[in-house]
Amino acid sequence: MARRYDPERRQRIIDAAFRIVGRDGIAGLSHRTVAAEADVPLGSTTYHFASLDELLIAALRQANENFATAVRGTLESTAPTAPTAPGPGVAAELARVMGHWLTGERARAELECELYLAALRRPALRPVAAEWTQWVVDALSRHTDAVTARALVAMMDGICLQVLLTDTAYDEEYAREMLARILG
């Protein structure tokens, strides 16, 4: 029997993992549940991802890239005047991006946060969680120094966690003000 050519299969498996974690949490993720959700043979999941950690790494990396791309795109629209003198629009744009992420795609934000926090118990995920921080720090470092960029990322993480964990409404004005304070 000829092998079926399916170049989208790996991505469908990752997308299925996102749906399962979004619906059932990481505890509901198994090769079997992913195969059923992606409508692929069980062997396909283990072919592309030898372990669930490998699958979670791929999912977290994709989530990281999505958010980092949004931040980079936002920051490109607020061109820096100098590496250590960010324009006043940086805090406002970061607050806007966080607002879009938290209010426009809340279920996705919860999922991405769950994947990010899974690194606490799954050491294999820690380097990928650190990649996200570094990508955003690198993007922000075009607008400010690296220490301030790390403080901005910590503030963004904190605001996002508080909104998601306390189920409170996102306050864009508060976020803008706090980010502006860090920027000085």
Determine which pairs satisfy salt bridge (charged side-chain N to carboxylate O under 4.0 Å, His left out) with at least one residue from residues 151-161, sequence neighbours left out, and list them in order.
none
Glu37/Arg23 ion pair, N-O < 4.0 Å:
yes
Separation between CD1 (Ile57) and CD1 (Ile14), nearest 0.5 Å, reads 11.5 Å
Just how far is it from atom CG of Leu94 to atom CG of Leu140, taken to the nearest 0.5 Å?
5.5 Å
Using every non-hydrogen atom in the two residues, find where Arg10 and Ala58 come nearest and quote the distance to one decimal.
NH2-CB, 4.2 Å
Grouping I, L, V, M, F, W and Y whenever their side-chain heavy atoms are under 4.5 Å apart, do Phe18 and Val21 come out in a common cluster?
yes
Do the side chains of Met155 and Trp135 join up, straight or via other hydrophobic residues, at under 4.5 Å, putting them in one cluster?
no
In short, Ile13 meets Phe49 closest at the heavy-atom pair CG2-CE1, 3.6 Å
Mind checking whether Tyr116 and Thr133 have side chains closer than 4.5 Å, heavy atoms only?
yes
Could you check whether any side-chain heavy atom of Arg121 comes within less than 4.5 Å of a side-chain heavy atom of Ile26, counting everything from C-beta outward?
no
Inter-residue atom distance His31.NE2 - Leu29.CG, 0.5 Å rounding
8.0 Å
Whether Arg96 and Glu172 form a salt bridge (side-chain N of Lys/Arg under 4.0 Å from carboxylate O of Asp/Glu) is what I want to check.
no
For a quick test of reading the model, state the closest non-hydrogen atom pair linking Leu179 to Ala95 and the distance between them.
CD1-N, 3.9 Å
Say you draw a straight line from OH of Tyr47 to CG of Leu42; how long is it, rounded to the nearest 0.5 Å?
15.5 Å
Going by atom types only, do Ser141 and Asp138 share a side-chain donor-acceptor pair under 3.5 Å?
no
Roughly how far, to the nearest 0.5 Å, is the CG atom of Leu102 from the CE atom of Met156?
9.5 Å
Are the side chains of Glu8 and Asp6 in touch, meaning some heavy atoms are under 4.5 Å apart?
yes
Measure across Ala91 and Ala180 and return the closest heavy-atom pair with its distance rounded to 0.1 Å.
CB-N, 3.6 Å
Looking at Glu112, Glu131, Glu54, which hits salt bridge (charged side-chain N to carboxylate O under 4.0 Å, His left out) with Arg61?
Glu131
Enter the distance from Arg12:CZ to His48:NE2 here, rounded to the nearest 0.5 Å.
9.0 Å
Is any side-chain heavy atom of Thr168 closer than 4.5 Å to one of Gln162?
no
Can you give me the closest heavy-atom contact between Cys160 and Trp101, atom names plus distance?
SG-CZ3, 3.5 Å
Check whether Thr148 reaches the backbone of Thr144 with its side chain - one donor and one acceptor, N or O, closer than 3.5 Å.
no
Partner residues of Ser30 under the side-chain hydrogen bond (donor to acceptor under 3.5 Å, both in side chains) criterion, sequence neighbours left out
Thr33
Specify the closest pair of heavy atoms between Leu125 and Leu60, including all atoms of both residues, with the distance to one decimal.
O-CD2, 4.0 Å
What do the steps show when you test Leu161 against Leu117 for side chain to side chain contact (heavy atoms under 4.5 Å, CB included), and what is the final call?
CA-CA 10 Å; Leu161 281 173; Leu117 291 175; 3.8 Å; yes
Joint cluster assignment, Val153 & Leu165, ILVMFWY side-chain distance < 4.5 Å
no
